[in-house]
Amino acid sequence: MPVSGWIEVSEKYCKGCDLCTHACPQNVMSLDLARLTPKGYHPVHLHAEGCTGCAVCAVVCPEAALTVFRGEKIMAGV
Amino acid sequence: MPVSGWIEVSEKYCKGCDLCTHACPQNVMSLDLARLTPKGYHPVHLHAEGCTGCAVCAVVCPEAALTVFRGEKIMAGV
Amino acid sequence: MQTEIIVAGFGGQGVLFAGQVLAYAAMDHGLHVTWIPSYGPEMRGGTANCTVIIADEEIGAPLVKHPKAVIALNRPSLDKYEPLVTAGGLLLVNASLIDRPVAREDVQAVYVPANEIAERLGDKRLTNMVMVGALLGATGVLEMNAVQESLKAHLPAKHHRLLPANYQALEEGAQIARETLAQAA
Amino acid sequence: MQTEIIVAGFGGQGVLFAGQVLAYAAMDHGLHVTWIPSYGPEMRGGTANCTVIIADEEIGAPLVKHPKAVIALNRPSLDKYEPLVTAGGLLLVNASLIDRPVAREDVQAVYVPANEIAERLGDKRLTNMVMVGALLGATGVLEMNAVQESLKAHLPAKHHRLLPANYQALEEGAQIARETLAQAA
Amino acid sequence: MAEAALRAGCEAYFGYPITPQTELLEHMAARMPELGRAFVQAESEVAAINMVYGAACTGKRVMTSSSSPGVSLMMEGLSYIAGTEVPAVIIDVMRGGPGLGNIAPAQADYHQMVHGGGHGDYKQIVLAPASVQEAIDLTVLAFDLAEKYRSIAVVLADGSLGQMMEPAELPPMQPLKKGAPEWAVTGEPGRPRRQLTSIYLQPEDEETTNIRLLRRWMEIEANEVRYQGYYLEDAEIVLVGFGTSGRVALSAVRQARAEGIRAGLLRPISLSPFPTEAVKAAAQSAKAMLVVEMNAGQMLTDVKLAVQGACPVDFYGRMGGVVPLPDEVLAEIRRLHANPPADLNGHTRAAWLDRLELVRGGN
Amino acid sequence: MAEAALRAGCEAYFGYPITPQTELLEHMAARMPELGRAFVQAESEVAAINMVYGAACTGKRVMTSSSSPGVSLMMEGLSYIAGTEVPAVIIDVMRGGPGLGNIAPAQADYHQMVHGGGHGDYKQIVLAPASVQEAIDLTVLAFDLAEKYRSIAVVLADGSLGQMMEPAELPPMQPLKKGAPEWAVTGEPGRPRRQLTSIYLQPEDEETTNIRLLRRWMEIEANEVRYQGYYLEDAEIVLVGFGTSGRVALSAVRQARAEGIRAGLLRPISLSPFPTEAVKAAAQSAKAMLVVEMNAGQMLTDVKLAVQGACPVDFYGRMGGVVPLPDEVLAEIRRLHANPPADLNGHTRAAWLDRLELVRGGN
Amino acid sequence: MVITDTQNAKVVYERPESLTDISTHYCPGCTHGTAHRLVAEVLDEMGRREHSIGVASVGCSVFSYNYFDMDFVQAAHGRAPAMATGVKRVFPDRTVYTYQGDGDLASIGMAEIMHAAGRGENITVVFLNNAIYGMTGGQMAPTTLPGMKTTSSPLGRDVETQGMPLKMSEILATLDATAYVVRRSLHNPAEIRKAKKALRTAFEVQERGLGFSMVELLSSCPTNWGINPLESLTFIEDKMVPAYPLGDYKVLEAVKAMKVKGA
Amino acid sequence: MVITDTQNAKVVYERPESLTDISTHYCPGCTHGTAHRLVAEVLDEMGRREHSIGVASVGCSVFSYNYFDMDFVQAAHGRAPAMATGVKRVFPDRTVYTYQGDGDLASIGMAEIMHAAGRGENITVVFLNNAIYGMTGGQMAPTTLPGMKTTSSPLGRDVETQGMPLKMSEILATLDATAYVVRRSLHNPAEIRKAKKALRTAFEVQERGLGFSMVELLSSCPTNWGINPLESLTFIEDKMVPAYPLGDYKVLEAVKAMKVKGA
Ligand SMILES: Cc1ncc(C[n+]2csc(CCOP(=O)(O)OP(=O)(O)O)c2C)c(N)n1
Ligand SMILES: Cc1ncc(C[n+]2csc(CCOP(=O)(O)OP(=O)(O)O)c2C)c(N)n1
Ligand code: SF4
Ligand code: SF4
Ligand code: SF4
Ligand code: SF4
Ligand code: SF4
Ligand code: SF4
Ligand SMILES: [Mg+2]
Ligand SMILES: [Mg+2]
């Protein structure tokens, strides 16, 4: 099974600077224009599948707003 | 006739530091232990013939206390 | 007659410039005016506010405890200034970022979704002008014309292409204020 | 009883140390004492002086206008302090560098060719001790013994080989003073 | 203020950025080179004041500007400039302190500038504007006075003024002066050498210099006292406040008058020389005085020295960058009016602090 | 003083050479490493005071020493230390100024140290010794007070004391204290982090800090006033002088007493807090007061503030490094005795300068 | 819907312990934050969080003491190295470091950094070079590039009257008492990783008592450069790196011999 | 008796015009005097005496303004380069120079010299390095040699706690805006002649507007070194020159291209 990952974005820290979105090798991140953080920024989110958990986004994030996880992809109904 | 020279020592400036006496290539300078300047130093003087007017003494004198002359040696009765 | 206006919000929301636009307009039209900024506990990304006093006589203190009107661009600003507005005064609320209604009953509240309007007009940075527009719509302290003229006069030339959008922002803000007051009346 | 002594000369003549020797001797022998230096217009090669006050009670001001005794190591010092010594006071003159006599008649003058004596004893730097010796010879403010002991106690160990020459300088200075006073008497 | 300085013929500006006076430096950065005059962003305030010192020695009109922590770094330089008797203009926009504090408006550097923050006995002219117009006018005046008396002239503004916008008129552009004063070190050929120094190794010579400085200062005291009175003729409660607190006091005085309280305001414009005589005169007929400051009572000492017990002197101040509101001052006026104290010596501060904590609690 | 500091448990010394206090630094250079304590010859006084600031934040006993121009360079640092509320000891040996001036003894930095030469409202403890013994004792006391009140404590000596030799006894060597105060930044594991700063960006917070500082200062005022009175019981002419000028005044007072003049002396030891009550009390029974200083009348302001017109206050000072002689002061006492003035407010200085020029002329 | 199996998931990256849970005041995209993160990560990895004393300077990073979860003091503008000297001399076994901007370190603080380095003070200096005075609103710094427009060089830095940029790493490398002086950048993931490694080395140098260490980090200031965060990274790469070449300017033999764990 | 024929005699050397007739306060044999003489000779030869403004510093040379027969100002300790900047910026066509000791320039005045050099300020700095604080009685300077005893390093400079000597010429040479930075010595006639030539070059650099120039001169302090004047020269040669190599540290191409008259 392909290695896969995901991220958690802290809206407390994220300032929507867009640096991670451009750094992500998989191009799966973008600003969530539908949301505003309490400080008035659009936070990032994963807008597509394909996150590998490579943590490049976390390496460039100035706010330490990201937690990166890696795990195996499984299907489940919710 | 051999080139020759002499020096004038200003007692106002000379502090008897002895630097010129050691620098003089002809070894013709020394402190005049018989004299005290108003500041209480023994000034230099020429104690022997042989000054060539090379001005090395003036080059090392920190006090600009020396004037160096060069001229022809002639004899004269006084 | 003296009108005191406080504009308050995050740094970066154009708080100070909003106040300046009002001050310039008053100055250019022969009124006495003072504009004075103050910053919150943080310089970057922190809160900022400014007090504009417009009067027809010499102005003493440039700061007041109880302003006639407050433009609250974010929640902390509303929390801070709601209790301070004079009775009968005006609270202009940026509804895009402030998720609570005004509690006081003795003041006039106007809710403006300023961020949304600004983004719709193409530039988030117009938020402040929407709110200024609302102030003009809600009070007669200055003419819309006067503000537009001084905006033109004091905006650096390189930003002049943004003037139409600014005018539009002012108008939309004013429109909302007028509507609110009409309903209230 | 309080005795004020001023030692004055060029920097480099050991003015301050001369005063210190007196001060230490007084201190070591249970007297009240103050020693205070002051410098002339130049730090290097300029004039320097110090005031030593020795007393049997607590001392107030550490400086006085009219000292009881003055050691003048050079001409400017004599010029400066001659008018100030108290009537009946003492002027110790370094005759090697000072080419004029004392003009006042109401003070006791002692002329000491201190530079010559010092050079004869092998070290120009003993000039100050010759003059201190003269002071001791001329007054009873401190015992010769006391001074020699404290010289030994306070001279850094590496200079101890110079002690005999110092003692000799003190003695020769004292001798001259005693002779002068004897003649005057 | 920057533009006013330019128009007063300032030929060199040396400064280091610090809030709240960066706009001033930035204005100079743009305008001085345009006019072919000298602008140097110094590496520090220490360097800036010493550049000013150097340029001032040439007899040109020169200045620097800074704010509290930066001004503290200039103390050695100011003492040297004073000791060398060369003219220089300093604009000091005070902020909240001590330490790094904050960038809010304050008046807590009164002692530093008025009584001397540098070493040695020296005095400097200190002018305190209360409006943008006055800031402009006093900047021009500062250049004139500095030059006239070979003195340091400080424009001491609180941060409010450094940042306030108000309508004001600028003076016309003055032509640059030609020639140099007879003491100036200019490297001009054909005359005996000139030296400028603050060294007088012989104490007597230094004392002579000190006496010369003092005598000159007495002349300044005689000629250059400036203040503005408001409603003083019949005032029973006399407020004394400078700069922004003077302005706030004015609002409060007007409100008090509206309530029928005979309040008045004396606003010192020259803090140094201090309007001692005027304060004394006002104290004669007053039931009480109230000093209003944005500090813990610094000008208060000068007021008390002037009043010498002639009437009770009370104090109200806000600190740390808080600007007092007219309402607070009005409350103080009402209190003094209702209950004029008999004697306040020595108890002013403790009582004030207690009242202040009430005010703050109620915020 | 250096040895006294060592014995008081000073664990770090940071300083920069300057006459007349180089001996102090040199003593530290030899002794601190011997004792395994920190000695750093800093690159400047600016660096020295900031090293002190850093070390003070750890709660250790630390100090620096300097003289007038060097102390001026410390003003920013002092304001930071005050604003951060950490204890530090400064020895300031004053010399003639302003500017580079000379290295003769002076007292012209009274305002700078007592009223605040740095920016912002802060106060510091200032102790003025008049003898070598007192210099030693006050140095030890300075460490205790600094620590007790988290305050700056300054030993303010005039150059005479910095250079004078007098018999004196040193205190015993204190053991170094163990552990650190609960506010100290020590990088100690296992507890919540600690920060020390002088920033309070919110003016209200800065005001809270200012109030805390002021309240603490009032406590210091209540507990730490120190002075010495001589012959005050029946004194008609009361002299006030500190440090060396106090000592000179004492000689003059004794001479005056010998002449039958009822003179007395009040010698402030703590200049800050100032012995206001004692001065006030002495003024009640005095016909006149005479303030004697080695400056142009700086402590004079504090005396006048205390006296508040209760008796005439006259002044005699020498400046620029000149130490007044007992004879000069005696002449002043005789004058005041023969002709006690009715009121002196405001005219003190001009008359003093005239008299001074006579004295100088007669030199 | 795709759900990731949290049972088998592992945390690849999380916010370092050495950072507090306070959100910074930095402008969006400002790499001051990145530098903070790296320092925090390194101190976490070295287990020095609770043995450290940081010295904050005056500049945008003035509040860094709020963001690092460890003991901190806050210095006067430019004086952090002096303050750090004071701290280190009485607590030699603590990890003492300064965090300074270019105005702070290279302008007003020039004497203090030169002399701390000259004394070989056993401290670590984290030096953020963003070629501008960020906090005060974008004035020229000693590190501003030639021709670069700032609020105090409105026509661009004129090298005739305003001089040439000061290259602090090059300068400090000439001092005999420095142990480790390098320049890194924060403009892309690879450089960020190298920066972290350099910080690790610098702190290890201090740990081993080898003397003065400094890591200069090229950093962005989108706000005062007047471009967006992403363009700012490009600016660093295209403009700053050529003017301030990345590399090792001084590495003592003893440092080279050290085995340091990479990022 | 031998009498020299004064008719045909010519003056080979005389006291330069640029020196006043005031006798210096320097200790006997101190080479501060030598440096003064050289500066005076160069300004005489260039005809700049009456177009110069000197800036005296604080140190033994504090009274240099008394000895140079030209306009002078006197700076605060370490601040001469800032003061010179102030002077030069308003009088760009004057010859402006500072005369500074090593404590003044390399310790307290570090920031000012670095930044004057960094700005490429068109001034000349005469820098007397005698490895000690002369005026205040022989304390350690940043230039004091390792192990050298001074009154503030009584056991000898300990490089562990007191750092390594700062080599100012080497440091300033790294700055992009300096035009001419060299080190010479005053310990024998040949070196003195080279020193003079360097001073001439430095002043010519200023004359031509090429930017910052500095001549560092190794100088003696018999008094505080505790040896006699002659031994002091030997100390310079044997101890100082190896630690502070003589030579040209920065010579712009434009400077090399200049034709400068030798001493
Ligand atoms: C003595 C003093 N002078 C000036 C200032 C104002 N000031 C604060 S930060 C700063 C410059 C900061 O620039 P830098 O160090 O580059 O940090 P950045 O904000 O760019 O990160 C200045 C000049 C001050 N606080 N104190
Ligand atoms: C602010 C300040 N700090 C200290 C001093 C004391 N001081 C005078 S000269 C000097 C050192 C001089 O050494 P250097 O520059 O090497 O000159 P030198 O005497 O050796 O020629 C010092 C520390 C001062 N005058 N001002
Ligand atoms: S972990 Fe890698 S792939 Fe996933 S969002 Fe971050 S950068 Fe993209
Ligand atoms: S880099 Fe960080 S702060 Fe910026 S958008 Fe991404 S998560 Fe948010
Ligand atoms: S001129 Fe030459 S030979 Fe004559 S005394 Fe001088 S050094 Fe000797
Ligand atoms: S070098 Fe000059 S000062 Fe020294 S002894 Fe010779 S002439 Fe005299
Ligand atoms: S101003 Fe610049 S350096 Fe400061 S936080 Fe904003 S982007 Fe960063
Ligand atoms: S102390 Fe040293 S440097 Fe100063 S004049 Fe004497 S020998 Fe020269
Ligand atoms: Mg920066
Ligand atoms: Mg030296």
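Chain A is the first sequence line, chain B the second, and so forth, proteins listed ahead of strands; every chain is numbered from 1. Hydrogens, waters and symmetry mates are skipped; everything else that's a heavy atom, side chains included, is used.
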Please look at [X] and chain F and tell me whether the side chain, the backbone, both or neither of the residue comes under 4.5 angstrom of a heavy atom of that chain.
X: G:Ala80; result: neither
X: G:Arg119; result: side chain
X: G:Phe91; result: side chain

Measure from the side-chain N and O atoms of [X] to the backbone N and O of [Y], and report whether any donor-acceptor pair falls under 3.5 Å.
X: G:Ser107; Y: G:Asp104; value: no
X: G:Asp71; Y: F:Arg194; value: yes
X: G:Arg89; Y: F:Ala12; value: no

- Task: Please work out whether the ring planes of F:Tyr13 and F:Phe39 are parallel, tilted or perpendicular, with thresholds of 30° and 60°.
- Result: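 The rings of F:Tyr13 and F:Phe39 lie parallel, inter-plane angle below 30°.
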- Item | Plane angle bin for G:Tyr67 and G:His36 - parallel if under 30°, tilted between 30 and 60°, otherwise perpendicular |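 The arrangement is tilted - the two ring planes meet at 30° to 60°.
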Less than 4.5 Å to any heavy atom of chain G: does that hold for the side chain of [X], its backbone, both, or neither?
X: F:Gln195; result: both
X: F:Arg191; result: both
X: F:Ser79; result: neither
X: F:Ala38; result: side chain
X: F:Tyr80; result: side chain

- Query: chain F: which of G:Asp93, G:Thr20, G:Thr95 shares the most heavy-atom pairs with it under 4.5 Å?
  - Reply: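 Counting heavy-atom pairs under 4.5 Å, the top option is G:Thr20.
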- Residues F:Arg37, F:Glu11: salt bridge by 4.0 Å N-O rule: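 Between F:Glu11 and F:Arg37 there is no salt bridge, as every charged N stays at least 4.0 Å from the carboxylate O atoms.
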- Item | Cationic N near anionic O, under 4.0 Å, G:Arg94 to F:Glu188 |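 F:Glu188 and G:Arg94: salt-bridged.
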- Message: As an exercise: rank F:Val62, F:Val46, F:Ile49, F:Thr197 by heavy-atom pairs under 4.5 Å with chain G and give me the winner.
- Response: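 Of F:Val62, F:Val46, F:Ile49, F:Thr197, F:Thr197 has the most heavy-atom pairs under 4.5 Å with chain G.
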- Query: Counting heavy-atom pairs under 4.5 Å to chain G, which of F:Val52, F:Thr186, F:Thr58 comes out on top?
  - Reply: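 The candidate making the most pairs under 4.5 Å is F:Thr186.
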- Message: Testing the basics here: between F:His27 and F:Ala2, what is the closest heavy-atom pair and its distance to 0.1 Å?
- Response: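 Looks like CD2-CB, 3.6 Å.
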